[in-house]
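A quick write-up on the structure given underneath.
Each chain gets a letter, A, B and so on, in the order the sequences are listed, and its residues count up from 1.
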Amino acid sequence: MTRFRAPKGTHDVLPPESRRWARVEAAFTDLAARFGYEPAITPIFEATEVFVRSVGEETEVVQKQMYTFEDKGGRSLTLRPEATASVVRAAIQAGGVSGVLKASYWGPMFRYERPQAGRSRQFHQAGVEYFGEAAPEADVEVIEFGYRFLEELEVPDVEVRLNSLGDEEDRKAYHAELVAYLQERLDLLSEEARGRVETNPLRVLDSKADVDVVADAPIPLDHLGEEAFAHFERVKAGLDRVGVPYVIDPHLVRGLDYYNRTVWEYVPTGYEAAQASVGGGGRYDRLFELLGGRPTPAVGLAMGVDRIILAMGERDLPRVLDLFVTYAGPPWKDEAVRLVSRLRREGLRVDIDLGDRSLKAQFRAADRRGARTAVVVGDEWHQGIVTAKDLVEGSQTTVPVEEIATWVLEH
RNA sequence: GUGGCCGUAGCUCAGUCUGGUGAGAGCGCCGGGUUGUGGUCCCGGAGGUCGCGGGUUCGAAUCCCGUCGGCCACCCCA
């Protein structure tokens, strides 16, 4: 085997496979701009405390999945397991949010765990954060954003699962009731769930091993305060209004402690895998305070890029070149290179095989490199024309040299 | 962190149980058929420390021990 490999739980993405990633990133960047989100660029590591305080001391992420290290100044730093904490920290550091701030991000996240399908130690998330808006329509907008993103990428059979956790005051009463329910049935619970009854009882709700016990457990939805209830009603109505279908999942709680009220996930139902969820989000009105900022309402989501690409399946790779220029033998190479340079300056995506290979080999390369069309620079050049071929249709014609760009754009 | 499966050509794998005839197939790659044409077809070619270390044996891809790595599931999450 090769001497050096990518570290456990990390993956390389090389051309042409990376075309899938480029497509997802382009779709995200475009959609975020259309929704009014602008990029936020934050460090890939933070003071460990930022994540402990925001994500939650008792969460799996903080308990066992953090890439924590000490730098040469003795500071405890952690590679970000998610980006929301960083963006909130950055907003607070910049003086807090006055009015509204809508930010998007794209980049690698890190969690130390045993890798498997759809789970890596380094994975990529694309997300948006909507700061400073308490209106339920903001939740609706963010949920719709994720839904349209998956729609645009044609991820099949996506289900939006929706729930509300209520506000902090609602949760106190609810917690007591839930803990009481669980403690009566301690012997029926799995070992993991048993441990969580004291530390993080909400997490028991989505435990796969305890579906039977949990089926009749009290749920947050039945304990919403007046305001949280009204908020949730308006979120649902808003989703109906913009045409985003959803199902209520009363056991959906999500793994990060900072959420309140609305939480949701995107799950491709046709895709058989344990790590099915391709994205999720929620409202986190308390997070700014948790990190020492002024109270600021906020809602956001994170989409898992790696999982989206998995769920998209083995569809044909997109074509990425407008034109491939071939030349009929070395005497025509200089003319062909000059043509390529000109067309690139005119804005076309153009490439060429520089190895003096046979035309057959050049056309093979054109196809493999993802070109839509090809032209041959050869004897016809003397008449001011080139042979032009549509590689998708297979049709061929001749085109005056000065009209190549026009012809390419028509195909 | 717990459990299961697996490391042989760039990729997917056969061969391992029952050790021994010159390490194979498909796909991919390169070339030719078509000295100016891809994606289909036909022909040819290149490419391998059988993960690594040790042991058993006249002889190890094959048996034993160790080690590293990959995949999958649990937990949890993107």
Side-chain angles (χ1 to χ4, degrees), chain A residues 1-11 14 17 55 58-65 80-84 107-127 146 190-193 195-196 200 203-204 206-210 252-256 265-268 272-281 301-311 316 319 324 326-329 331-332 353 355 357-381 386-396:
Chain A
M1 288 294 111
T2 45
R3 183 156 148 83
F4 296 113
R5 314 189 89 263
K8 187 182 183 77
T10 67
H11 302 282
L14 297 172
E17 203 52 36
V55 171
E58 297 297 339
T59 57
E60 293 289 318
V61 170
V62 166
Q63 292 272 303
K64 55 180 220 190
Q65 298 179 346
R80 62 182 188 191
E82 57 109 36
T84 299
M109 309 293 159
F110 306 83
R111 290 182 199 173
Y112 188 89
E113 11 177 32
R114 292 275 282 267
Q116 64 185 74
R119 175 161 55 210
S120 306
R121 291 183 174 182
Q122 176 176 335
F123 57 102
H124 287 72
Q125 285 187 339
S190 64
E191 201 174 323
E192 290 88 2
R196 270 185 231 120
N200 201 343
R203 296 232 52 77
V204 180
D206 70 354
S207 169
K208 278 182 205 165
D210 301 285
L252 180 66
V253 296
R254 306 198 35 80
L256 314 176
E265 280 187 1
Y266 305 92
V267 183
E272 287 303 322
Q275 324 304 327
S277 166
V278 296
L301 64 69
M303 308 301 292
V305 176
D306 312 62
R307 285 188 187 174
I308 287 172
I309 287 167
L310 264 181
D316 288 346
R319 301 238 166 205
F324 203 86
T326 69
Y327 53 100
W332 290 107
D353 183 311
R357 277 175 263 275
S358 66
L359 258 197
K360 181 194 185 85
Q362 293 181 65
F363 268 82
R364 211 179 6 245
D367 194 51
R368 206 159 351 96
R369 297 287 306 287
R372 288 162 33 229
T373 65
V375 294
V376 182
V377 175
D379 292 332
E380 323 87 296
W381 190 267
V386 293
T387 302
K389 184 166 187 175
D390 182 323
L391 293 172
V392 180
E393 301 288 324
S395 57
Q396 190 163 303

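Within the 4.0 angstrom heavy-atom criterion, no nucleotide atom of any strand lies near Gln362(A). Within the nucleic acid shown, Gly127(A) has no heavy atom closer than 4.0 Å to any nucleic acid atom. Arg369(A) comes within contact range of no nucleotide atom at all, as no heavy-atom separation falls under 4.0 Å. The residue Arg254(A) sits close only to the backbone: its heavy atoms come under 4.0 Å of sugar-phosphate atoms, none of a base. Here Ala374(A) lies out of heavy-atom contact (under 4.0 Å) with every strand. Within the nucleic acid shown, Gln396(A) comes within 4.0 Å of at least one base atom, counting heavy atoms only. Note on Val305(A): nothing from the nucleic acid sits closer than 4.0 angstrom, heavy atoms only.
Of the candidate nucleotides A78(B), G31(B), C71(B), C71(B) has the atom nearest to the side chain of Pro115(A). Closest contact between the side chain of Arg114(A) and the listed nucleotides G3(B), G39(B), A78(B) involves G3(B). The Gln65(A) side chain lies nearest to C76(B) when the options are C71(B), C76(B), G1(B). Among the nucleotides A73(B), G38(B), G31(B), the one closest to the side chain of Lys389(A) is G38(B). Nearest to the side chain of Arg368(A), among C29(B), C76(B), G32(B), sits C29(B). Closest to the Arg307(A) side chain, of the nucleotides A78(B), U37(B), C76(B), is A78(B).
Screening residues 358-367 of chain A for salt bridge (charged side-chain N to carboxylate O under 4.0 Å, His left out), with sequence neighbours left out, gives Arg319(A)-Asp367(A).
With sequence neighbours excluded, the residues forming a side chain to side chain contact (heavy atoms under 4.5 Å, CB included) with Ala365(A) are Phe324(A), Asp353(A), listed by chain and number. Judged as a side chain to side chain contact (heavy atoms under 4.5 Å, CB included), and not counting sequence neighbours, Arg114(A) has no contacts. Ser358(A) pairs by the side chain to side chain donor-acceptor pair (under 3.5 Å) definition with nothing, not counting sequence neighbours. With sequence neighbours excluded, no residue forms a side chain to side chain donor-acceptor pair (under 3.5 Å) with Thr373(A).
Using C1' as the reference atom, C72(B) and G59(B) are 38 Å apart when rounded to the nearest Å. Rounded to the nearest Å, the gap between the P atom of G22(B) and that of A60(B) is 15 Å.
Using a 3.5 Å distance cut-off with no hydrogens or angles, the side chains of Gln396(A) and Thr387(A) do not pair a donor with an acceptor.
Glu113(A) contributes a side-chain N or O that forms a donor-acceptor pair with the base of A78(B) under 3.5 Å.
In this structure, U56(B) forms no base pair with any nucleotide, since neither Watson-Crick nor G-U wobble geometry is met with both distances under 3.5 Å. Judged by Watson-Crick or G-U wobble contacts below 3.5 Å, the nucleotide G24(B) has C13(B) as its partner.
Both Met303(A) and Arg357(A) sit near RNA chain B, but only Arg357(A) has its closest nucleotide nearer the 5' end.
Here the side chain of Arg121(A) pairs a donor or acceptor atom with the backbone of Glu113(A) at under 3.5 angstrom.
Between Gln116(A) and C72(B) there is no side-chain polar atom (N or O) within less than 4.0 angstrom of OP1 or OP2.
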Below 3.5 Å is the cut-off: list the nitrogen or oxygen pairs between protein and nucleotides 33-36 of chain B, distance only.
from: G33(B); atom 1: O6; to: Lys360(A); atom 2: NZ; distance (Å): 3.2
from: G36(B); atom 1: O6; to: Asp379(A); atom 2: N; distance (Å): 2.9
from: G36(B); atom 1: O6; to: Asp379(A); atom 2: OD2; distance (Å): 3.4
from: G36(B); atom 1: O6; to: Glu380(A); atom 2: OE1; distance (Å): 3.0
from: G36(B); atom 1: N1; to: Glu380(A); atom 2: OE1; distance (Å): 2.6
from: G36(B); atom 1: N1; to: Glu380(A); atom 2: OE2; distance (Å): 3.0
from: G36(B); atom 1: N2; to: Glu380(A); atom 2: OE2; distance (Å): 2.7
from: G36(B); atom 1: N2; to: Thr387(A); atom 2: OG1; distance (Å): 3.1

